[in-house]
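Structure record follows, encoded as C-alpha cells.
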Amino acid sequence: MSKAPQKPRGTQDMIGEAAARFDHVIETFNRVRKLHGFGRVEVPVFEATAVFARSLGETTDVVSKEMYEFTDRGGDAMCLRPEFTAGIARAYIENGWQQHAPLKLAAWGPLFRYERPQKGRFRQFHQLDAEILGAGEPAADVEVIALGQHLLDELGVAGDVVVTLNSMGDPATRAAWSAAVAAHFAAHRGDLSEDSQRRLEANPLRILDSKDARDQALVADAPQIDAYFTAEAGAFFESLQKGLQASGIAWTRNARLVRGLDYYRHSVFEFVTQSLGAQGTVLGGGRYDGLIGHMGGPDTPAVGWAAGIERLAMLVAEPELPVVDVAVIPEHPSVELEAVRLVGALRRAGFSVFSSFKGNAKRRFEVAKKVSPVWQLSVLPGSQGLVWVDLKRFGSSVEIDRLVAERILQSVPGFRWQTDLDPPAHKLRASYQSI
RNA sequence: GCGACUGUAGCUCAGUUGGUUAGAGCGCCGGUUUGUGGUACCGGAGGUCGCGGGUUCAAGCCCCGUCAGUCGCCCCA
C-alpha cells in the first residue's frame, strides 16, 4: 500500500460523474464562446519563467511562491503556467497577431500553482479563459462580461452567482487612489491586522478586501476611487455600466473589489457564489491595457477573464447519464461474431450501442443493465445460416411501436431484413442471411 | 506558509473505559430460485486498521513524527 504510487498533492483523478461534470462545463463553454465569436487559442503549458515573472509582477504571491519552476535540460529557466493571460500576450507579440486585432480568443486547460489544497483549490486546476486583444473600448468589456453571464446562464448556475463590478481607473487614477489608500492605512498602521500590515508594504489596495474584523472599520472609511477618477476613467466606467445595462446584465458595485495581479486597468469584475465556501469566486477578470506594452510588444488594450472549471463543475446540477440506445446481446456463442457485426453497423448508423465482451446471455444482460439502454437487441442462431434478432424495450415486455422498431433496423446499412409478419406485441422479430 | 479536524475492505461506514481469530451495507466473483431476464436466497474472495516510531503484558483505540484529505486564514478562478 505504502509502496504504491500516489498522485501528487492537490491533483485529481476523475471518472464517472465527476468527469461528466467537468466535461459538461467545457462543452457548454465551447458552444457559448462560438456563439459570441471567440476563436480557440492554444498556448504552451510551460513557458520561460520570465513570461510570468515580468507580467504578473515579481512581488505577487503567484510569482514569488506559487510557481512550479524548473530548469530544463538545456539550462533554461522554465515554469508551468500559473495562468493564461501572460502566455496569450506573449503569443500575441511573438506572432504579430496585432494584424488580426481586435482578436477574440478563448482557451481552456490546466494551470499550476503550488498552493495549500482545499475545496475548489488545487495545484493542478483548470480554467476557461476569454480575452479580447486590441480593443480599448468599453464595449469590449461589455462583450467579455456578457460571454461570462451567458455561460453561467447556460450552465444553469446564474441564480447562485452575483456579478460584482468595480473600476481601478487609468494609471493616473490608480496611482492617486492607491497612494491615498496607502496613506489612510499607514496612518492607522497599529490598528491593522498582521496580514494587512504586511499588505501595506506589498499591495495596499489588497487591504480593502481583507476579511479580518480588525480591518473592517478602517476599510469602511478608506478613500473611494470615485473621487480620484480622471475625466477619461470616469467616462469609461460610465460607459461600461450603460453597456451592461443594455445587455441586460445585472451587477452590483463593489467599490472594494481589486485584483492581485499588477496589470489591471479600468474594469475589474468577479462572479461570486456563496455556495462554495471560501473559494467563492467562480469567474474573474478585467482590463489589462498595460500588459502587452509592458512585455515589450506594441501598446495594446485588452480585456478578459478566467473561470475555474472545478468550481463551476461543483455548482452545476448532476449531469444526466448518457443515453444508450441499444444493448446488443448474443444469446448463443455461435452468434458472437454476428453480434460484433451488428454493433459496428448500428454505431455507424448513429446509434449509441452497448456491447460486452464475455459471458452468457444472462450475464451480458446484467452488465448492460447498468447503462440503462432503451432497446435490447438479442441475437439468435437460426437454421441454414439465418440469424434472428429480437428487438424489444430493454428488460421489459411492454408493447413496442413496431414502426419505430422497424425504422431502427432499416437504418442499419449492409443488412437485408426479413421481419416476422405475425409478431408478438412486445418485440420485433427479424432475420437476415449471415455472410 | 499558519490553525483546526479527519484517515478501518473497491465504496460508505460501525468498532464500547486499550484485552482473545477486525464487522455491516453496497459492489465484485460463484451458485440456487423466479413468470426469458431490473426478483429472492446461499456461498466466496477481499483489510499488515494511511505510513513510521514510541508507551504497555496487550494498541484500530494513547503519545510523537510523517503523508494525504477536509474546513478556515492567506492567495486566487
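Lettering of chains follows the sequences in order, A, B, ..., and the numbering in each one begins at 1.
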Practice problem: Give A/Gly285 one of three labels, base, sugar-phosphate or nothing, depending on what nucleic acid heavy atoms sit under 4.0 Å from its own. | Solution: nothing
Practice problem: Could you state the atom-to-atom distance from CZ of A/Phe112 to P of B/rA77 in whole Å? | Solution: 16 Å
Quiz prompt | Between C1' of B/rG37 and NZ of A/Lys369, the distance in whole Å | solution = 8 Å
Quiz item: Whole-Å distance between B/rC75 C1' and A/Lys65 NZ?
Solution: 8 Å
Quiz item: Within a strict 4.5 Å, meaning less than it, do heavy atoms of the A/His266 and A/Asp289 side chains meet?
Solution: yes
Quiz item: Can you name the residues that form a ring pair (Phe, Tyr, Trp, His ring centres under 6.0 Å) with A/Phe415, not counting sequence neighbours?
Solution: A/Trp417, A/Tyr432
Quiz item: OP1, OP2 of B/rC28 versus side-chain N and O of A/Lys370: anything below 4.0 Å?
Solution: yes
Self-check item: ring pair (Phe, Tyr, Trp, His ring centres under 6.0 Å) partners of A/Phe29, counting only residues at least two apart
Solution: none
Self-check item: Dot-bracket line, read 5' to 3' along RNA chain B, where crossing pairs take [ ] and | marks a partner on another strand, Watson-Crick or G-U under 3.5 Å
Solution: (((((((..((((.....[...)))).(((((.......))))).....(((((..]....))))))))))))....
Quiz prompt | Rounded distance in Å between the P positions of B/rC63 and B/rG7 | solution = 13 Å
Quiz item: B/rU55 and B/rG18: how far apart are their C1' atoms, nearest whole angstrom?
Solution: 12 Å
Self-check item: Whole angstrom value for the distance that separates P of B/rC75 from CG of A/Asp212
Solution: 11 Å
Self-check item: N-O pairing of A/Glu366 and A/Arg364 below 4.0 Å
Solution: no
Quiz prompt | Most 5' of A/Ser378 and A/Asp195 on RNA chain B, judged by nearest nucleotide | solution = A/Ser378
Quiz item: B/rA45 and B/rG10: how far apart are their C1' atoms, nearest whole angstrom?
Solution: 12 Å
Quiz item: When you check the side-chain N and O atoms of A/Glu131 and A/Tyr288, is any donor under 3.5 Å from an acceptor?
Solution: yes
Practice problem: With heavy atoms under 4.0 Å as the rule, sort A/Glu331 into base, sugar-phosphate or nothing. | Solution: base
Quiz item: Can you name the ring pair (Phe, Tyr, Trp, His ring centres under 6.0 Å) partners of A/Phe354, sequence neighbours left out?
Solution: none
Exercise. Answer with base, sugar-phosphate or nothing: what part of the nucleic acid does A/Arg393 contact at a heavy-atom distance below 4.0 Å?
Key: nothing
Quiz prompt | Rounded distance (Å) that lies between atom P of B/rG37 and atom NE2 of A/His426 | solution = 8 Å
Quiz prompt | Distance between C1' atoms of B/rA59 and B/rU48 (Å, rounded) | solution = 14 Å
Quiz item: Under the ring pair (Phe, Tyr, Trp, His ring centres under 6.0 Å) test, which residues partner A/Phe70, sequence neighbours left out?
Solution: none
I'd like a list of close polar pairs between nucleotides 1-3 of chain B and the protein, N/O only, cut-off under 3.5 Å.
unit_1 : atom_1 : unit_2   : atom_2 : d
B/rC2  : N4     : A/Arg116 : NH1    : 2.7
B/rG3  : O6     : A/Arg116 : NH2    : 3.4

Quiz item: Roughly how far, to the nearest 0.5 Å, is the CD atom of A/Glu69 from the CZ atom of A/Phe52?
Solution: 11.0 Å
Quiz prompt | Whole angstrom value for the distance that separates P of B/rU36 from CD of A/Gln376 | solution = 14 Å
Practice problem: For A/Ile93, check side chain to side chain contact (heavy atoms under 4.5 Å, CB included) against everything at least two apart and list the hits. | Solution: A/Ile292, A/Met295
Practice problem: Indicate, yes or no, whether a donor-acceptor pair under 3.5 Å links the base of B/rC76 to the side chain of A/Arg311. | Solution: yes
Quiz item: Which whole number of Å gives the distance between the P atom of B/rA77 and that of B/rU12?
Solution: 32 Å
Practice problem: Give me the residues of residues 9-26 of chain A where at least one heavy atom lies under 4.0 Å from an atom of RNA chain B, by number, or none. | Solution: A/Arg9, A/Gly10
Quiz item: Is A/Glu27 salt-bridged to A/Lys34, cutoff N-O under 4.0 Å?
Solution: no
Quiz item: B/rC73 P sits how many Å from A/Asp209 CG, rounded?
Solution: 12 Å
Practice problem: For nucleotides B/rG15 and B/rA9, find the distance between their P atoms and express it as a whole number of Å. | Solution: 15 Å
Practice problem: Would you kindly say whether A/Glu310 and A/Gln12 are connected by a side-chain donor-acceptor distance under 3.5 Å? | Solution: yes
Self-check item: Side-chain ion pair, A/Arg256 and A/Asp209, N-O less than 4.0 Å
Solution: no
Quiz item: Which nucleotide in the set B/rC76, B/rC75, B/rG37 lies at the smallest distance from any side-chain heavy atom of A/Lys392?
Solution: B/rG37
Practice problem: If a pair satisfies salt bridge (charged side-chain N to carboxylate O under 4.0 Å, His left out) and one of its residues is in residues 138-159 of chain A, list it, with sequence neighbours excluded. | Solution: A/Arg31-A/Glu154, A/Lys104-A/Glu143, A/Asp141-A/Arg287
Quiz item: Touch check for A/Phe125, heavy atoms < 4.0 angstrom, all strands: base, sugar-phosphate only, or nothing?
Solution: base
Quiz prompt | Under 4.0 Å protein heavy-atom contact, by nucleotide of nucleotides 29-34 of chain B - B base, S sugar-phosphate only | solution = S---BB
Self-check item: Spacing of the P atoms in B/rG30 and B/rA22 (rounded, Å)
Solution: 28 Å
Quiz prompt | Nearest-angstrom distance from the residue atom CG of A/Leu257 to C1' of B/rA77 | solution = 13 Å
Pairs of donor and acceptor atoms involving the side chains of residues 181-188 of chain A, under 3.5 Å and at least two apart or interchain, shall be tabulated with distances.
unit_1   : atom_1 : unit_2   : atom_2 : d
A/His184 : NE2    : A/Leu218 : O      : 2.9
A/His188 : ND1    : A/His184 : O      : 3.0

Quiz item: Under 4.0 Å: is that the gap between some side-chain N or O of A/Arg199 and OP1 or OP2 of B/rC74?
Solution: yes
Self-check item: Pair A/Asp215-A/Ser210, side-chain hydrogen bond (donor to acceptor under 3.5 Å, both in side chains): steps then yes or no
Solution: CA-CA 7 Å; A/Asp215 298 332; A/Ser210 166; 2.7 Å; yes
Self-check item: Gap in Å between the two P atoms, one belonging to B/rG52 and one to B/rC61, rounded
Solution: 13 Å
Quiz item: Looking only at side-chain N and O atoms, does A/Lys211 come under 4.0 Å of OP1 or OP2 in B/rC73?
Solution: yes
Quiz item: Which residues pass the salt bridge (Lys or Arg N to Asp or Glu O under 4.0 Å) test with A/Arg116, sequence neighbours left out?
Solution: none
Exercise. Starting from the 5' end of RNA chain B, give me the residue, A/Gly280 or A/Pro117, whose nearest nucleotide shows up first.
Key: A/Pro117
